[in-house]
Participant: 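Pasting a structure here, questions to come.
Predicted model, so just to flag it, every value in this text is computed and none were measured. Naming convention: chains lettered A, B, ... in sequence-line order (proteins, then strands); numbering from 1 in each chain.
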Amino acid sequence: MDSTQASAASVAPSSSFRLKGGLFPMTLLELKHFDAADFEADLQNKVSEAPAFFQQAPVVISAEQLQTESFDLDSCLSLCRQYGLIPVALRGGSESLQALARELNLAQMAESRQRGSRVATNSGGEEPSAMQQEPSALQQEPSALQQEPSAPTDEPPVPEQQQLLPLDESEASQLEVDAADREANECVDQSNDGVGSTAIETPPPAPMQSKIITTPVRSGQQVYAAGGDLIVMSSVSAGAEILADGNIHVYGALRGRALAGVRGDSKARIFCQSLEAELISIAGSFKLDEDLRGELWKKPAQASLSDEALNITGL
Amino acid sequence: MAKIIVVTSGKGGVGKTTTSAAISSGLALRGHKTAVIDFDIGLRNLDIVMDCERRVVYDFVNVINGEANLRQALIKDKRCENLYILPASQTRDKDALSQEGVERVLKELDEEGFEFIICDSPAGIEHGAFMALYFADMAIVVANPEVSSVRDSDRILGILQSKSRRAENGGQVEERLLLTRYNPARVAKGEMLGVEDVEEILATKLLGVIPESESVLKASNQGVPVIHDADSNAGQAYGDAVSRLLGEEVDHRFLSVEQKGLLQRLFRRSA
């Protein structure tokens, strides 16, 4: 029993816990300039707009936009805490500021890239080292990260309209996106703003927003689940169209058109209790009913994409 | 509160007006004070089917425009004590219906003590149909057992549950399916959709199945709603539908080919 054969060497030898990658939306507090009095006034203002959102909310302080070399990080942190925020990390800033951050037990976040650059392109060497410096639980075990489940890949297609942030200073941190994206080839086109804003609408653990429809989707109707899965508890009539950025589940007959992964998520799937669809599409690859009228016609089935080919299999 | 029931279908010629006439007469015959409104402005038919064409002086549009009051425009049915008809205008078009106007008329009818208000919708999904369904508490969706009619009914059900006042307020319009021109023999031969098929596609509670019958055409030409023809199976089927509308549990009839039923019918005819 005592492991002569060390368990798959990639995992840390410890058995009292498991290290896993996680992806959490976080608020980025981007400082433009720092003056304790101004900062407090602004902060108070913001917090009063959405008190629940700021309660115990982890924030990453960003000094990237800061003009000055250094600032009073200590008082910035205590003000944040005073208003219910929990500063967890510093992003950017000068050498001395970063040293100060380490002293103050703040994690160090990698600097953000050029706007519009793809996150995955930055999966180079400096990221992991930045992560490993962190004294806190933010440390990531690389191999575990590579097994990162589907969550991060589901995130990218965030509707653009959500990028209108109610709070301009806030922005999702790219905390773990970097590492996780090493595995996820699809890229996050500056989608982090969007992630942050979804978090603002529904506090912390709601990275994906599923849409649940309990009534039949009738001919001529169109239902779109932006940024998440679409679940229909009834049938989808011929002449109806259902779309989702994520997966589509139909707990009834699917007789209309179903388009999953409409923003390019090729891992999206379509599930239905009875396949009678006019059209099925995942990330742009589609099949028409004449191609679907096979063995699985009118049977429970799922559709998935592999190597650009749309596969229909039974459930 | 008066219960507002729209009789609608999307597709034309499936039996909306026949159904409106039959259901409203049926409700009135059971003692419920009922009004039936023709929303098919410009193509009015209800007054013909109910044989009150020559008694139309003022119409629905006159009431909406304030040119007549409701009592002047309502026509009392010849056969039923509790039934009143509000005819459509033949000279205007459907744009004459304003939402506020329709709402006001419905409110006045309610204040007059009507228990049921049946709105006979025009075909299509344009303004007139929209006005007819907007204030509905319940919808009787009339369909023939054929694919295009069922598809249009599906469409209208979608509109009911998204564009009606109830839907806008987060509620639901009660839906009932009425299958007309049903011919069990042709269903058995596979020439017509069966009740189960239609029910399954539309996922809507069945109010009734009206068998295809010569008596329906005869009734509408004579201006006597078919429900008064208690000998015809169509009249009986409408009677059953009215019972179900009033909450009674009644088994569906005339769904299958029954020699006995046919003989009975012939026997009754000759009698």
Side-chain angles (χ1 to χ4, degrees), chain A residues 201-202 209-226 230-244 248-259 270-280 288-290 292-293 296-301 315, chain B residues 6 8-12 14 121 123-127 129-130 133 136 138-164 166-177 179 193-194 196-206:
Chain A
E201 283 152 19
T202 44
Q209 295 192 331
S210 299
K211 194 172 207 167
I212 301 180
I213 308 289
T214 53
T215 52
V217 184
R218 305 286 186 184
S219 179
Q221 289 185 316
Q222 192 185 49
V223 182
Y224 173 40
L230 177 63
I231 297 150
V232 181
M233 314 272 292
S234 186
S235 292
V236 178
S237 296
E241 189 170 67
I242 52 174
L243 309 99
I248 291 178
H249 307 252
V250 180
Y251 297 96
L254 172 55
R255 302 191 176 99
R257 298 152 59 92
L259 298 90
I270 297 172
F271 306 88
C272 62
Q273 285 296 320
S274 178
L275 177 67
E276 302 168 42
E278 293 169 328
L279 174 142
I280 278 193
L288 292 171
D289 68 330
E290 52 207 54
L292 299 169
R293 287 175 188 270
L296 293 165
W297 189 250
K298 297 197 174 182
K299 300 224 161 52
L315 285 179
Chain B
V6 61
T8 185
S9 72
K11 198 170 170 61
V14 295
S121 171
I125 49 172
E126 317 310 330
H127 182 70
F130 180 70
L133 67 80
M138 181 194 253
I140 296 176
V141 176
V142 182
N144 289 167
E146 49 130 345
V147 178
S148 60
S149 171
V150 171
R151 181 70 58 86
D152 289 357
S153 297
D154 192 50
R155 180 90 170 88
I156 210 83
L157 283 164
I159 292 172
L160 274 164
Q161 299 307 359
S162 57
K163 302 270 171 65
S164 61
R166 281 192 166 227
E168 282 173 4
N169 295 337
Q172 275 209 321
V173 177
E174 271 184 90
E175 306 166 342
R176 294 288 185 279
L177 172 66
L179 214 49
L193 291 173
E196 297 81 12
D197 300 332
V198 180
E199 260 190 300
E200 214 245 306
I201 292 172
L202 294 179
T204 300
K205 202 170 168 189
L206 191 65

Participant: Below 4.5 Å from any heavy atom of chain A, which atoms of B/E200 appear? Answer side chain, backbone, both or neither.
Facilitator: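 Looking at B/E200, backbone and side chain both touch chain A.
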Participant: How far apart are the closest heavy atoms of A/S219 and B/R151, and which atoms are they?
Facilitator: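 Here A/S219 and B/R151 meet closest at OG-CD, 3.6 Å.
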Participant: Does the side chain of A/R218 come within less than 4.5 Å of B/L202's, by heavy atoms?
Facilitator: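 Yes - at least one pair of side-chain heavy atoms lies under 4.5 Å apart.
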Participant: Counting heavy-atom pairs under 4.5 Å with chain B, which one of A/S235, A/P216, A/A253, A/A238 comes out on top?
Facilitator: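 Max contact count across the listed options: A/A238.
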Participant: How close do A/T215 and B/Q172 get, counting heavy atoms only, and between which atoms?
Facilitator: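 Residues A/T215 and B/Q172, closest heavy atoms: CG2-NE2, 3.2 Å.
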